[in-house]
Amino acid sequence: MTLWGGRFSTKLNEQAWDLNSSLPVDQRMAIQDVDGSLAWANGLHGAGILSDAERDSIVHGLNLVKREFSSGEFVFVPSDEDIHTAVERRLTELIGVTAGKLHTGRSRNDQVATDFRLWMLGAIPELDSALINLQSALVEQAENAIPHPQPFSPGGKGVPSPTGEGKGEGLAIMPGYTHLQRAQPILLAHWWLSHFHPLQRDRARLKDLTARVSILPLGSGALAGTPVNVDRAELAESLGFAEPSQNSLDSVSDRDFAAEYLFCATMIGVHLSKLAEQIVLYTSAEFGFFELSDAFSTGSSLMPQKKNPDVFELARGKSGALLGSLTGLLATLKGLPSTYDKDLQEDKAPVFAATDTLLAILPVMAGALRTITAKPERMRAAIDSTMMATDLADYLVGKGIPFRETHSIAGKAVRAALDAPRKIGMEEISLEEYQSLCPAFEADVYQVFDPLVSIEKRNAIGGTSLQAVQMQLDGVKRLLSFEKS
Ligand code: ARG
C-alpha cells in the first residue's frame with residue numbers, strides 16, 4: 001500500500017523504492033506525526049468533515065498508535081514508505097476505513113514540515129539544558145580559581161585586594177595570549193569565564209530561532225492551501241505553535257529554520273572546538289597548565305606513558321562535520337524553486353545528526369571540564385616580566401609622558417633585558433639603566449613587574465581584576481539561576 005498508487009500501472013522499481021523511502025530517517029518523528037494527526041482530526045471535525053463518532057474513532061486509534069511507538073511495540077512493514085504512511089497504515093488496521101478520512105485536505109508536504117518543526121521545538125530545550133550544564137562546569141572551575149569567592153557588593157566592598165604582602169594567595173593567575181604569544185597576565189577565572197559567554201550567545205540564538213520554528217505549516221495542503229474550512233489559528237495553538245503560516249507556497253518549502261538550526265549547531269561546535277583546542281594545548285607537557293582526570297583521558301596502544309585528551313580532540317574534530325551539515329543543507333536549498341521538492345527530504349538527516357553529535361559531546365565535555373586540575377604554579381611560572389612591559393609604559397604615562405613615547409621607552413627596556421649577557425628579567429635592570437632610558441623612572445618602578453599588580457589595574461567592567469571578575473562571576477551565576485528556574 002502506498003498513499004499514491006492510483007494512477008500507476010506498475011510497482012515502483014525496488015531500488016528506486018529504497019532510494020525514495022525516508023522511513024529510516026523520519027521514523028524519529030513518529031510521536032510528532034501522530035500529534036499532528038490528532039490535531040488535524042480535531043480540525044476536520046471542527047470543519048464538519050468528520051462526525052463526532054469518526055473523530056472519536058480516529059483519535060482513539062491514533063492514541064493506540066502513539067502508545068505503540070512509546071512502548072517500542074510498533075511494527076513497521078516493508079510498504080511503509082515514510083512515517084506518515086506507517087501511521088496511516090497502522091491506523092487503518094486498528095480502526096478500519098474511517099482512517100482514510102484523516103488525510104482529507106492535508107498533504108505530506110504540510111505534514112512533514114509540521115512534524116519537523118514540532119520535533120525541533122522539542123530538541124531546542126534539550127540542547128539548551130546541555131549547554132547550561134557545560135556553562136555550570138565553567139563557572140565551577142572559575143570559582144575554584146578564586147580563593148574565597150565572595151558575593152559581589154556594589155562599590156567593591158567585600159572583595160579584598162589581592163595585591164600587597166601575603167595577598168593573592170590561592171588566586172590562580174596565568175599568561176594571557178594573543179597570536180599564541182605571551183601577552184599579559186590574567187586571572188585563570190577570567191579565562192574560564194571567557195568560554196561561558198560564547199555559549200550564552202549560542203543559547204540566545206537558539207531561543208531566538210524558536211520564534212521562527214514556531215510557525216505552523218499544517219493547513220497549507222500540498223502547496224495551494226487546504227479546501228477544508230479549518231481554523232488554523234486554533235490548530236496552531238493546539239499543537240503549541242505561536243501562529244499559522246501566512247503563505248501556503250512558502251510554508252511547504254520553508255526550511256530556513258533547519259538551516260538556522262544547523263548554523264546554531266555549527267557555532268556551538270566552533271565554540272567547543274576553540275575551548276577544546278586550548279585544553280589540548282594546556283594539558284601538553286610543554287604548557288602543563290591543566291591535568292585531565294583519568295576518567296576523561298585515554299591511553300595509547302603503543303606508548304605506555306601516554307595520556308591523551310581524546311574527548312577534547314573529538315569535540316574539535318566533530319565540529320568539522322557540523323559545519324559540513326550546514327553547508328550541505330544550504331547547497332541543497334539553493335537550487336530549489338518554490339514549494340515542495342523531494343530534495344527537501346534531505347533536510348532531516350543532517351539536523352538529527354548535528355543534534356546527536358552535540359548531545360553526545362556536551363555532557364562529556366562538561367564532565368571532563370569539571371574534573372580538570374589546574375596547576376597554578378606552572379601557570380605562574382609561565383608569566384615572565386616582559387609581559388608587564390605595557391604596565392611599564394603605563395607607569396611613565398602616570399608621570400605625564402605620552403603613551404606613544406612610553407611605548408618606545410618600555411620597548412627599549414625589553415630589548416635591554418633580552419640583550420643582557422645572561423638574559424635577565426626586567427626587574428633585574430638597574431635603576432640607573434632605567435633612568436638612562438628615561439629620567440622620569442623612580443625606585444617605585446619595580447612594583448609594575450608584579451603580575452598581580454598588572455591584573456588588578458584592569459578593573460573596568462569586563463577586565464581581569466579580581467573585583468571585575470568577581471562581578472562577572474556574579475552576573476553569570478545570576479543568568480544561570482534565572483534561566484534554570
Ligand atoms: N518523506 C517526505 C519528506 O521528508 C515527506 C513529504 C513527501 N511529499 C511528497 N509529495 N512526496 O520530505
Side-chain angles (χ1 to χ4, degrees), residues 1-8 11-37 39-40 65 69 74 76-91 100 102-123 213 215-228 239 245 248-259 261-262 325 328-356:
M1 171 195 128
T2 61
L3 299 177
W4 41 265
R7 61 102 69 215
F8 290 84
K11 264 184 25 188
L12 180 62
N13 166 283
E14 212 177 300
Q15 287 167 314
W17 170 273
D18 290 343
L19 177 67
N20 189 51
S21 167
S22 56
L23 187 66
V25 172
D26 62 26
Q27 58 176 277
R28 188 159 171 168
M29 308 187 303
I31 298 293
Q32 290 78 9
D33 195 74
V34 177
D35 285 343
S37 288
W40 188 242
V65 174
F69 279 125
F74 191 97
F76 289 104
V77 302
S79 64
D80 292 341
E81 178 186 341
D82 52 28
I83 191 61
H84 327 296
T85 315
V87 170
E88 193 176 323
R89 188 259 313 153
R90 183 66 186 134
L91 183 65
L102 175 61
H103 210 54
T104 312
R106 183 177 72 168
S107 157
R108 282 181 295 167
N109 299 353
D110 56 351
Q111 195 179 353
V112 73
T114 301
D115 293 2
F116 197 19
R117 284 171 182 265
L118 265 181
W119 179 89
M120 196 173 282
L121 288 173
V213 184
I215 308 285
L216 178 76
L218 196 60
S220 298
L223 76 160
T226 182
V228 173
L239 280 168
S245 58
S248 60
L249 304 177
D250 174 50
S251 79
V252 295
S253 106
D254 173 17
R255 294 295 184 275
D256 295 6
F257 66 96
Y261 181 88
L262 288 175
S325 65
L329 180 65
L330 285 173
T332 297
L333 296 178
K334 186 207 159 292
L336 301 185
S338 92
T339 88
Y340 183 82
D341 303 274
K342 196 59 177 259
D343 316 46
L344 293 176
Q345 183 162 287
E346 299 305 305
D347 59 354
K348 286 171 279 311
V351 165
F352 294 161
T355 308
D356 292 343

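Values reported hereafter were calculated over all heavy atoms of this structure, with side chains retained and with hydrogens, waters and symmetry mates removed. Please read all numbers here as calculations on a predicted model, not as lab measurements. Just follow the structure's listing: the first ligand is 1, and inside any ligand the first atom is 1.
- Within 4.0 Å of ligand 1, counting heavy atoms only, the contacting residues are Ser22, Asp26, Asp82, His84, Arg108, Asn109, Val112, Tyr340, Lys342, Gln345, Lys348.
- Counting all heavy atoms, side chain and backbone alike, Gly100 lies closest to Glu88 at CA-OE2, 4.5 Å.
- More than 12 heavy atoms of other residues, nucleotides or ligands sit less than 6.0 Å from atom NZ of Lys342.
- Residues Ser251 and Ser245 bring a donor and an acceptor atom of their side chains to less than 3.5 Å of each other.
- For the 3.5 Å distance criterion, the side chains of Ser107 and Tyr340 fail to qualify, holding no donor opposite an acceptor.
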- Task: Please lay out, stage by stage, how Ser21 and Asp18 fare under the test side-chain hydrogen bond (donor to acceptor under 3.5 Å, both in side chains).
- Result: CA-CA 5 Å; Ser21 167; Asp18 290 343; over 6 Å; no
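- For the residue pair Arg255 / Thr332, no side-chain donor-acceptor distance below 3.5 Å is found, with atom types taken as modelled.
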